[in-house]
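To start, the structure itself, in C-alpha cells.
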Amino acid sequence: MNRLLRKSLLATALLVATATVHAQWTGPKAKSTELKEIKYGPLSPANRDDEAMVAFRNYGLGQFIHWGLYAIPGNEWEGVSARGGAAASEWIRAWRGPDTPKDWVKTYDNLYKQFNPKDFDAKRWAKQAKEMGAKYLIFTTKHHDGFAMWPTQYSDYNISKSPYKKDIVKEVVDAYTAEGIDVYLYFSVMEWNNPDYMGKEPKTAAEKKKFDRFLNYTRNQLLELMTHYPQMKGFWFDGTWDQSWIKSYDFTYKLEQELREKHPGLIIGSRFRNDEYGKRHFDSNGQMLGDYEQGWERKLPGDITWLEGRDWDCVMTIPPNGWGYMKDWSGIYTKTTDDLLDMLVYSASLSGNFVLNFGPDGQGNMHPEEDRLAKEIGDWMKVNGEAIYGARHAGMTNSKLGYFTKKEDNLYLTIFNRPINNIVRISVPKTATEVPVTATLLANGQVLEVKHADLGIDLDKNTYYDVVVPHTFQTDRAFVIKMKVDSPKGKAEKLMDAKM
Ligand code: FHN
C-alpha cells in the first residue's frame, strides 16, 4: 500500500473494539520534559536497519523453549503439586509453603544427576518448529537455577556432568539453523544456587569482591556462548531486575559494547541493562536500551500508538503462566489454537513478532497438547502466512471483524468474526486516493466481489468498500482476505450535511 493510502487510512476511525481484550502497557507512560544527562544510555541506534534487524522485524512467528532441570518434576514432586507454591513450573526450585517437600532445594540441585532425556531429538523439534511456521527460536541456555545446558568451562553445574553429557545447546542451534530458523539464546543473569550471586547491591569489600567474581563469570559465559555457537543471532536476557545487577551499570554498559563488537549484527532486547539512574528497558529520557522492546511477556499492546515505532515481540505461554514443563494441565485454562492465532495476527497488525512457548518434559518430548497446537498453527500458517511474514501495521484501525496487515501494495484482513451477512465492510476516508479494488481469499485463491457502498450518513467522513464472501466458503478458523489497492474508480458522492 502506498504512503497516501496509508496516511488516509490512518485517519480512519472505526469505532469498534478489537477482537481480543489486551492487557495494560508496561512501557514508559509519561516522558519527562527535562532531558537528563545520561552516560549509560542506548548503545545501538533506534530502528536499526541492518540485515539482522530487518530479518528480526520480518519473522512474524517464533518459538520459545524453556528446557532445563525443572522439566523433570514438571511442577510436581512425588504426587504433590507445586501449584500455588511455586510462581511457575520453571520456578519450582523456589517452591514455598506447607506442601514443599523436605530438603527440596537440595533435591532440586541434585536433579542434574538424573537428567538423561532419552527421547530428545533436536532435529525433531526443529522440524516441528519449521512445520509450525516459526522463523526464530529462543532457547534457554541457563535459567534462574543456574544449570547450564552447554558444557561451560566456568561452572561445574552443567550438562556435561549429567548422565546425558552431550551439549544440548549445540544440538539445538545446529538443528534449528539447518532448518533455516534463527536462534536466540535465552540467558538468565540471576542464579539461585551460585554462592557469588546476590540480589542486593554489594556494599562491603567482601560482597563487592564476590559479586565482581560473579560479573566476570557472567561475561565469560556470554563470550563462551558466542564463541561456541557463532550462528546465534542474539541474546534474550532475563533475571536482570535485582539491585546487584542494576547498580552494575558501568560493567553492563561495557559488556554490551564488547558483545556487540565481537558479534556484529547481534540483537539484544531491552531487558539487558539499565542507565545510571536505575531505569530499565528505557533510559531516564525514555530512549530504549536495546534493539527491541522486550517487555511484552504474556501481554500485548493496546494499539499501535503504545509502541511509538519501536520493534517488539510478544512471548506467550499456553497455560496462564508456567514456561517449563507442566505435567498436569487439568483445571486451568490453556490457550486454544484460535486464541493463539488471534494474538499472532494481532501482533503482526502492530508490526510485532509473536513467540509461542513450549516446555518439553524431562525425556525431551513436547506436551501432547503442544504437539497438537503446533500442528494446527502450522496448518493455518501454510495457507495464511503471507498475511504475517514480513507484514506490517496497515495504517488502519483494526476492525471488529479482525486485524489488518500490509505488505507492499497488498492489504490483508484476517477475519476472526465473520459477518452474519457475509459482507466484509471496509471503511476508508472519502478523501482516500487509494482504496481496495480487488480481493481474493488466501484460503483458495477465489476472487471476491468488491462493491462501493456510499452510505450517505450525515457528516460521515468515510466511505465503504464491501467485500462479498461467498456463502459456499466454509471454514472453522480465521481466514484472510487479500486486497489490492488502487485509485478509486468514481468519486464518493458529495451529499449535503443537514443543518441542526
Ligand atoms: O522468571 C522468568 C520466567 O521463568 C520465564 O523465563 C519468563 C520468560 O519470559 N521470564 C521471567 C520472568 O520475566
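Remember, it's 1-based here, ligands and their atoms both numbered in the order they're listed.
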Do the side-chain N and O atoms of Y277 and D283 include a donor-acceptor pair separated by under 3.5 angstrom? no

Write out the residue and atom name of the closest protein heavy atom to atom 3 (C) of ligand 1, then the distance separating them to 0.1 Å. E90 OE2, 3.3 Å

Answer with yes or no after comparing the ring centroid distance for F214 and Y197 against a 6.0 Å cut-off, counting only values under it. yes

Note: ligand 1 atoms sitting under 4.0 Å from heavy atoms of Y186 are 6 (O)

Do N158 and Q153 have side-chain N/O donor and acceptor atoms under 3.5 Å apart? no

Considering the heavy atoms of W91, write down every atom of ligand 1 situated less than 4.0 Å from one of them. 1 (O), 2 (C), 3 (C), 4 (O)

Would you say that L223 contacts E258 through its side chain, given a criterion of any heavy-atom pair below 4.5 Å between the two side chains? yes

Between W236 and ligand 1, which residue portion shows a heavy-atom distance shorter than 4.0 Å: side chain, backbone, both, or neither? side chain

In terms of residue, atom name and distance, what is the protein heavy atom nearest to atom 1 (O) of ligand 1? H144 NE2, 2.7 Å

Can you find a side-chain donor-acceptor pair between Y176 and Q63 that sits under 3.5 Å? yes

How does M190 reach ligand 1, by side chain, by backbone, by both or by neither, if only non-hydrogen atoms under 4.0 Å count? neither

Take every heavy atom of R271, measure it against each atom of ligand 1, and state whether any distance is under 4.0 Å. yes

What are the atoms of ligand 1, with element, lying closer than 4.0 Å to any heavy atom of H143? 3 (C), 4 (O), 5 (C), 6 (O)

Please confirm whether H66 comes under 4.0 Å of ligand 1, counting heavy atoms of the residue only. yes

Hey, does W150 have a side-chain heavy atom less than 4.5 Å from the side chain of K170? no

What residue and atom, counting heavy atoms only, is the protein's closest point to atom 11 (C) of ligand 1, and at what distance? D238 OD2, 2.9 Å

Y112 versus D145, side-chain donor and acceptor atoms under 3.5 Å: no

Going by the ring-ring contact (aromatic ring centres under 6.0 Å, His included) test, which pairs reach into residues 121-141, not counting sequence neighbours? F56-Y136, Y59-Y136, W67-W125, F120-W125, Y136-Y184

Nearest-neighbour protein heavy atom for atom 9 (O) of ligand 1, which is reported as residue plus atom name and distance: E297 OE1, 2.8 Å

